[in-house]
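Contents: one structure, followed by commentary.
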Amino acid sequence: MLPAGSTVYVVDCHSLIFQVFHAIPEMTSPRGEPVNAVFGFTKDLLKLIEDKRPDALICAFDPPGDTFRHELYPVYKGERSETPTELRSQFPKIHQIVEALRIPIISVPKFEADDVLATVARLCDESQVFCRLVTGDKDSRQLITNHVAVYNIRKDHVYDEVALLADWGVRPDQVVDFQSLVGDKIDNIPGVPLIGPKIAKELLDEFGTLDRVLDNADRVKGAKRQQNLKEGRELALISRQLVRLDQYVPVEIDWQAARVGDFDAERLAELCADFGFRSIAERMAALSSGGAADTAPSDWEANYRAIDTPEALAELAKTLAACEVISVDTETTSVNPREAELVGFSFAWAEGEAAYVPVRGPAGDRVLPLADVLAVLGPILEDESIKKIGQNLKYDMIVLRGAGVTMRGLSFDTMIASYLLDAGERTHNLDVLSDRYLGHTTVKISELIGSGKNQKRMDEVPVAQIAEYAAEDADVPLRLWPMLHERLDRDGLLPLSDDLETPLVEVLAEMEWNGVRVDVDRLAELSKQFALRSQELAEQIEEIVGHPFNLASPKQLAEVLFQEIGLKPIKRTKTGPSTDAAVLEELAALHPLPRLIVEHRQYAKLRGTYVDALPQLVNAKTGRVHCSFNQVVAATGRLSCSDPNLQNIPIRTDEGRQIRSAFTAGEAGWKLVAADYSQIELRVLAHFSEDETLCKAFAEGQDIHTLVASQVNGVGLDEVTSEQRRGAKAVNFGIIYGQSPFGLAKTLGIPKEVAAQFIADYFARYPGVMDFMLDTLDTAARQGYVETLLGRRRAIAGVRKPGPPKGALFDDRPQPLQMNLPERTAVNTVIQGTAADLIKLAMLAVSRRLKDEGLRTKLILQIHDELVFDAPEEEVEQLTTLITEEMQGVANLRTPLAVDIGVADNWAEC
DNA sequence: TAAATAGGCTACGTC
DNA sequence: GACGTAGCCTATTTAT
């Protein structure tokens, strides 16, 4: 037997083979034989070996011929169709692979592979060896214990006692009875009619076992169900025999042979060549040469405890108070921190040393009174000298503040560290980080609270179950910290983390806590107005079309426009002709309908997204809207905003702008103060380009679009036509957004050639801009990433290296006129990201000043280049100076930063 | 068979 | 270029 604590994976091979056979499209070897299942199965085995690093591996196969279950119940698995020939021929090949990997194959006549799994599971459990059953078969769930779990390789998901409880609501020892009641179509297990998972769980909850359920059939609700239980008694009992796995299959396991690591490299190479597996061959070679993976094998030692007595709490406090650094996490009742109630706290103070302190739980579970816990732990959380680390600490700060605790000493946030290291990653979730950096799979929250409509709240989950999960959530950041810290240091990102992003967490927490006042009555007024107009338009549209249809359905609209009316489609989407605003605009010249649709859409959008949606998001307690600012989603370094997104409140149209009038100062005697950077991105561009004229123009406060129009067109400043200014403005924006001539032509509605000429003229006049772009492309191509002013990085692949240096005889460098997507992204990221750096600096600086000068003014919103404050009228004057100084003073660029400030009762008038 | 859920897609609001 | 949200539509899962 293996030593206690090792891990063995046992594979139910047929289950896996059938899965991959159906999932992978046809594939043939160089000799023309089908190999899709061989390919899929081999890849799965490799994945297990590479990712899971088991100490041992065993492959169980179903033997040919019938098993004891067929003798018991002749139609067992009767619904199964014959194995297709294209699959049958692949079995010998799979055996060859498994043999070459030197994994023991176990197949016992009369017993199914599942029974072998059951037997191995028992042996492991008896010897304290961890066992993972790799199968899609639900029968295996009856085998779950402390040491045994089911592993779903498709979903990379470990199904254990907790998962079972969340899923079926039963304990492992109830699985057999559960399945006997429910039955299984695929295996032709009869079960009892009218009893599904829901009812089975209820019955077992009430009566405990199948026998007792059957004996108490009289007491079951529902006449028909009662009858079925009585009549189906025998079938249920047979079902039970079919479902129950045999844990005593007569078989000797050669544990020594099962150990992973000894491969027949030569034979593997031969087989891969034979089957035409190129990528697999490489991985096999790496395995055989002992190529270690990036992450350590998971030997996760942890000592997690639940704190449920005052003595234990005191002990914990003593431990924590003596620490320089602790990791903190909270469990709550809601993802919205402003509505969340505390359910528990977790702390980690050394790797694997963590505790969970429950303050709420299901009736009967032992918890400590919140007030007592706060009295003991509050001072630690508020102690600046005890440094706090964690994952997404902004959330915990807001929750704690709701409980009257100001968390201080924030020093490291793993989510932000991960973002700084790789801003392009899709998520920076703790479970992903744990997997990526520690090679450890964490308990998933869905295993605790489930998902979908019967998702539970955290306070409804038994404390014992949460403790493990919660303690881990504090432990993992603590373990990630040194690794992430070192990587940040290596990339020169520590100052950005320590001096900008981490302190910013507190500012964002403050902003979210503050929220913005929304005038619900005003919105209701607008809603009525918009609804009326919307209704009128809908009626006119129906009149023209002749029948009602869903105006919000692009599909139905396309049908009406292009089939019924017979207009010509302008462009296509993936699924049919496009009906977007640009298309409708063009069609408006030919028919009255498109114009009406555009207008109707505008009102529908305003109503659906803002006017009717906003009131629902007003917090009942505060009467304000508290959106969430996300610090780790925008790859450029910008913030993003959600629930609701207050960074896209309309401003361009009159109708839309009215919505801003519903955003008001918090109370009488207060004002909204909006301060925005004027042309910050163009100033950043001027800075990087080092173009003297541009910088000088900004220094003198000239209108930059007029200036560019005058210079590019070679006319005097006062001769610039509005048309020329519009063109120059579009080019300026095009540069920032990395727009192509095609895009510019579209926005301006001019021919592509004219747009291209426009841009060429621009670059001729501002060679510094061109040089900046070429430098950026060169950097991106060379090092695979670009950097902002403060050294923020974004990895970008696919940038081509610009040609010979400037001044070479044949200057055929790729022109910024023809950049591909990665190239445009690279240029845009430097500009947009630098602007993001600057306003983040401004937020920190302004917040500090507000605090230092003891003002009551509250920062409430950030919209990329704008900060909005809620301020007492008497502070406005002082505030205006303060904001201007701090916002302008954040950096010393070649261009000065200019700030415009508006003061009013509502946002529209700012 | 109907209802619930998930995910893709189109469209559109901001900077 | 960077985002988030709404609504429709379809496919898939689940409940009865």
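All values below were derived from every heavy atom in this structure, side-chain atoms included, with hydrogens, water molecules and symmetry-related copies excluded. Numbered from 1 within each chain, the chains take letters A, B, ... in sequence-line order.
A salt bridge links A/Asp654 and A/Arg657; the closest N-O separation between the charged side-chain nitrogens and carboxylate oxygens is under 4.0 Å. At a threshold of 4.0 Å, the pair A/Glu787-A/Arg794 does not count as salt-bridged, since none of the basic side-chain nitrogens sits closer than that to a carboxylate oxygen. The residues A/Arg800 and A/Glu823 are annotated as salt-bridged, a charged nitrogen and a carboxylate oxygen being separated by less than 4.0 angstrom.
Among the atoms of the strands shown, only primed sugar atoms or phosphate atoms (P, OP1, OP2) are found under 4.0 Å from some heavy atom of A/Ala635. Looking at heavy-atom distances under 4.0 Å, A/Leu821 makes contact with sugar-phosphate atoms alone, never a base. The residue A/Asn630 sits apart from the nucleic acid: no heavy atom pair falls under 4.0 Å. The residue A/Arg794 sits close only to the backbone: its heavy atoms come under 4.0 Å of sugar-phosphate atoms, none of a base. A/Ile651 comes within 4.0 angstrom of sugar-phosphate atoms only, judged by non-hydrogen atoms across all strands, and of no base. Note on A/Val827: nothing from the nucleic acid sits closer than 4.0 angstrom, heavy atoms only. A/Gln556 comes within contact range of the sugar-phosphate backbone alone, with a heavy-atom separation under 4.0 Å but no base atom that close. Here A/Leu606 lies out of heavy-atom contact (under 4.0 Å) with every strand.
In this structure, the nucleotide among B/dT10, C/dC3, C/dA2 sitting nearest to the side chain of A/Thr573 is B/dT10. For A/His864, counting side-chain heavy atoms from C-beta on, the closest listed nucleotide (B/dC15, C/dA2, B/dA11) is B/dC15. When distances run from any side-chain atom of A/Asn648 to the nucleotides C/dA2, B/dG13, C/dT5, the shortest one goes to B/dG13. The side chain of A/Lys605 lies closest to B/dG13, out of B/dG13, C/dC8, C/dG1. Counting only heavy atoms from C-beta on, A/Arg660 has its side chain closest to B/dC15 among B/dC15, B/dT10, C/dA2.
The ring-ring contact (aromatic ring centres under 6.0 Å, His included) search around A/Tyr603 returns A/Phe530, not counting sequence neighbours. Remark: A/Ser418 pairs with A/His428, A/Leu433, A/Arg436 by the side-chain contact (heavy atoms from CB on, under 4.5 Å) rule, at least two apart or across chains. Taking the ring-ring contact (aromatic ring centres under 6.0 Å, His included) definition, one finds that A/Tyr677 meets it with nothing, sequence neighbours left out. Annotation: side-chain contact (heavy atoms from CB on, under 4.5 Å) contacts of A/Glu339 (sequence neighbours excluded): A/Ser334, A/Asn336, A/Asn619. Residues meeting the side-chain contact (heavy atoms from CB on, under 4.5 Å) test with A/Gln647, sequence neighbours left out: A/Phe629, A/Leu639, A/Cys641, A/Asn645, A/Gln862, A/Ile863, A/His864. Take A/Leu617 and apply the side-chain contact (heavy atoms from CB on, under 4.5 Å) test, not counting sequence neighbours, and it matches A/Pro644. Contacts of A/Glu681 classified as salt bridge (charged side-chain N to carboxylate O under 4.0 Å, His left out), with partners at least two apart in sequence or in another chain: A/Arg638. Contacts of A/Phe869 classified as ring-ring contact (aromatic ring centres under 6.0 Å, His included), with partners at least two apart in sequence or in another chain: none.
Applying the side-chain hydrogen bond (donor to acceptor under 3.5 Å, both in side chains) test to pairs two or more places apart or on separate chains, none has a residue in residues 550-560 of chain A.
Side-chain N/O atoms of A/Arg652 include none lying less than 4.0 angstrom from OP1 or OP2 on B/dG13. Listed pair A/Thr575 / B/dT10 meets the phosphate criterion, a side-chain N or O lying under 4.0 Å from OP1 or OP2. Between A/Arg638 and the phosphate of C/dC3, there is no side-chain N or O to OP1/OP2 separation shorter than 4.0 Å. Look at A/Thr609 and you won't find any side-chain N or O under 4.0 angstrom from OP1 or OP2 of C/dA6. Applying the 4.0 Å criterion to OP1 and OP2 of C/dC9, one finds that A/Ser553 has a side-chain N or O inside that range. Residue A/Asn550 has a polar side-chain atom (N or O) positioned under 4.0 Å from OP1 or OP2 of C/dC8.
Overall, the helix from B/dT1-C/dA15 to B/dC15-C/dG1 carries an axis bend of 10° between its ends, with five pairs at each end and the value rounded to 10°.
The interatomic distance linking A/Ile863 (CD1) with C/dG4 (P) rounds to 15 Å, in whole Å. When rounded to the nearest whole Å, the span between CZ of A/Phe733 and P of B/dC15 equals 9 Å. Atom CG of A/Asn645 and atom C1' of B/dC12 are 12 Å apart (whole Å). Taking atom CD1 of A/Ile680 as the reference point, atom P of C/dA2 lies 19 Å away to the nearest angstrom. A/Glu655 places its CD atom 15 Å from the C1' atom of B/dC12, with the value rounded to the nearest Å. The distance between atom CD of A/Gln602 and atom P of C/dA6, rounded to the nearest whole Å, is 18 Å. B/dT10 atom C1' lies 9 Å from atom CZ of A/Arg601, rounded to whole Å. Following rounding to the nearest Å, A/Ile597 (CD1) and B/dT10 (P) show an atom-to-atom distance of 18 Å.
Residues A/Leu789 and A/Asp837 come closest through the heavy atom pair N-OD2, 3.8 Å.
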N/O-N/O pairs, protein side and nucleotides 10-12 of chain C side, under 3.5 Å:
residue: C/dT10; atom: OP1; partner: A/Lys555; partner atom: NZ; Å: 2.9

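Residue A/Arg572 qualifies as enclosed at atom CZ: its count of foreign heavy atoms under 6.0 Å is above 12.
The stretch residues 577-584 of chain A touches DNA chain B through A/Ser578, A/Thr579, A/Asp580, A/Ala581, each having a heavy atom under 4.0 angstrom from the strand.
Across the interface with DNA chain C, nearest-nucleotide mapping of A/Ala552 and A/Ala634 shows A/Ala634 to be the residue nearer the 5′ end.
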